Amino acid sequence: MASAQIHIIPQPVEVKPASGSFTLLPGTVIGYPAAQGDVKKVADYLSALLSAPTGYALPVRPGSAARSAGNIYLELQASSEPALGKEGYRLQSGPNGVLIQANEVAGLFYGVQTFRQLLPAQIESRQLVKDVRWTAPAVSVMDHPRFGWRGLMLDVSRHFFTKEEVKRYIDDMVKFKYNVLHFHLTDDQGWRLEIKSLPKLTEVGAWNVKKVGRFNYFSKPELNEPRDYGGFYTHEDIRELVQYAKDRHVEILPEIDVPGHSLAAIASYPELTSTPGTYQVNSGEKFMEWPPSGHFYGLIDNALNPASEKVYTFLDKVFTEVAQLFPFAYIHMGGDETARNFWEKSADIKALMAREKLKNLDEVQAYFVGRVNQIINAKGKKMIGWDEILQGGLVPGAAVMSWRGMEGGITAAKKGHEVVMSPTTHVYIDYMQGDASMEPPVYASLRMKKAYSFEPLPEGVDPKFIKGGQANLWTEQVYNLRQAQYMTWPRGLAVAEAVWSPASARNWTDFVRRVEHQFPRFDHAQTKIAPSMYEPDVKAFKSGTNGLAIEMIPEIDGLDLHYSFDNSYPDAFYPKYGSKVEVPKDADNLRVATYRNGKQVGRFMTIPITELRRRAGYK
Ligand code: ACM
């Protein structure tokens with residue numbers, strides 16, 4: 001059945017399978033109307049995409065001659081179709097060819113992404129793949145996004161990613177119709193953007209000591225250790241990236257995270273903090289306390305001094321260059337997690353409070369945010385910040401990115417601020433995506449299934465203030481691009497569907513089917529993915545005669561979990577998990593293998609019994 005061959009992510013608004021198929025041949029032409037020169041870029045993009053794996057040099061030709069049997073034709077519709085908006089499209093494929101139509105070029109680009117998913121998985125390869133019949137099922141698709149802001153955040157401060165790696169990340173995100181790359185450019189561990197008027201930011205601030213292991217637990221660098229790990233983007237690099245993104249209908253949102261998370265800036269210009277001293281860029285050694293009470297505090301001062309005019313002069317210089325480099329209408333100023341324990345002791349800040357009649361540090365922070373908003377507005381940009389910027393009252397016109405749950409976003413929208421929903425609970429893709437035994441340690445978990453239930457639009461909120469949603473990849477524990485990909489995919493598919501597809505189209509079982517069709521596509525693209533959905537969460541309890549029992553909770557249906565306690569690796573002939581199992585008294589390890597239809601899926605899991613005892617609450 002044709003529909004069984006169709007597994008598009010994000011799920012389009014309307015998919016009507018038809019009979020027959022389209023076949024891409026060496027002579028297939030990619031055509032566009034001669035009068036629509038803007039369309040050529042998308043046609044060229046498609047030609048390049050298809051040519052590498054097929055080995056066909058598919059010609060791109062203006063003129064309606066190509067709107068004939070067997071060809072691919074892209075066109076802007078003569079009269080605009082309101083339902084499609086700026087990014088929607090119609091696509092028809094069949095024996096007579098492929099036709100993609102839209103109101104605007106962005107829509108054609110998304111039609112191309114959908115078309116790509118109709119072709120065999122090998123189409124994602126960047127090298128020639130022989131002996132493939134390049135057919136696409138006949139189908140008619142009508143599609144448009146639910147939200148205009150479909151973001152992924154990449155933290156390039158904690159670990160630096162090169163310009164080429166960022167391009168690679170963009171290549172993957174656009175396949176699933178993401179259109180905002182939030183670039184977290186500065187933090188305690190590195191300042192990644194050249195600011196010509198403040199050269200030390202990258203001479204000093206972009207470099208730390210290379211450490212490998214578990215971030216935040218690293219040994220303290222020696223004073224004379226070489227600081228040669230890191231990097232930054234020059235203005236030229238940024239122009240290149242912005243253009244690369246623009247060609248793929250992605251806006252880059254620059255974030256300069258202030259007043260907290262600013263140690264790299266402070267190491268470069270120590271006069272920016274309210275605590276005199278010398279500072280170094282953090283290399284992953286502990287420098288903040290995060291007590292369970294939630295009242296975190298800095299062991300060293302990583303916050304800018306809101307009472308110093310030097311800070312506003314500094315920020316004016318920074319945002320002048322940021323505004324020139326990034327064409328997006330918004331600049332993100334961070335605003336999150338400012339440790340205030342050094343602010344509390346500052347005579348400067350006490351004087352500021354008296355002068356400006358600020359009652360508490362929330363109001364001091366709000367004063368700072370207001371000043372930053374003025375600077376950003378003066379550069380012709382809108383300010384957006386993490387939801388802490390609501391504390392102490394937020395200036396009108398500022399937009400809010402809600403991360404500590406949805407509440408900040410709801411409050412902000414009710415006050416008339418634009419909001420991007422990005423809650424830790426559903427879209428923090430730096431969290432572990434499977435059982436902790438299988439993942440680099442992070443303090444929290446987020447299964448894809450939970451991410452798939454992300455609903456950016458809360459009830460009772462005026463939809464016009466909810467611009468969309470965004471998944472965030474913080475990179476403390478992400479040391480390279482392969483791991484960045486692994487953390488992003490497939491969870492990024494779940495979030496893509498939450499921000500693009502109609503809410504009524506959400507269906508976990510069907511989504512899992514479609515995700516599995518994406519896996520070989522990622523393989524051909526050489527993008528690393530996480531197979532975590534095949535691996536259960538293992539819970540442990542104080543129970544039974546030996547005082548320890550386990551429960552295994554699969555993420556998806558239809559899996560057989562086989563296990564052992566005798567240190568051997570289980571296969572499909574080992575005991576199959578049904579419900580709660582008692583752990584034998586002398587066992588060392590639990591090992592688990594997941595099977596489906598007699599074939600192993602996912603990885604072997606090994607969990608030491610000492611770890612299970614810890615999970616059960618034994619000290
Ligand atoms: C954040 O996760 N600190 C915004």
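Counting starts at 1 for both ligands and their atoms, following the listed order. These figures come from a predicted structure and were not determined experimentally.
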- Message: Considering non-hydrogen atoms of the protein only, which is the closest contact for atom 2 (O) of ligand 1, and what is the distance?
- Response: Y428 OH, 2.6 Å
- Query: Do the numbers put K345 on top of the ring of F342, so that NZ or CZ is under 6.0 Å from the six-membered ring centre and no more than 45° off the axis?
  - Reply: yes
- Message: Show me which atoms of ligand 1 lie under 4.0 Å from any heavy atom of W474.
- Response: 1 (C), 2 (O), 4 (C)
- Query: With no hydrogens and no angle check, is any side-chain donor or acceptor of T411 less than 3.5 Å from a backbone partner on K414?
  - Reply: no
- Note on the structure: Exactly one of E439, K528, R491 clears side-chain hydrogen bond (donor to acceptor under 3.5 Å, both in side chains) with Y486, and that residue is E439
- Side-chain donor-acceptor pair under 3.5 Å between Y233 and T202, yes or no? no
- Item | Any N or O of E337 closer than 3.5 Å to N or O of ligand 1 | yes
- Query: Heavy atoms only: which of T424, D257, D336 is nearest to atom 3 (N) of ligand 1?
  - Reply: D336
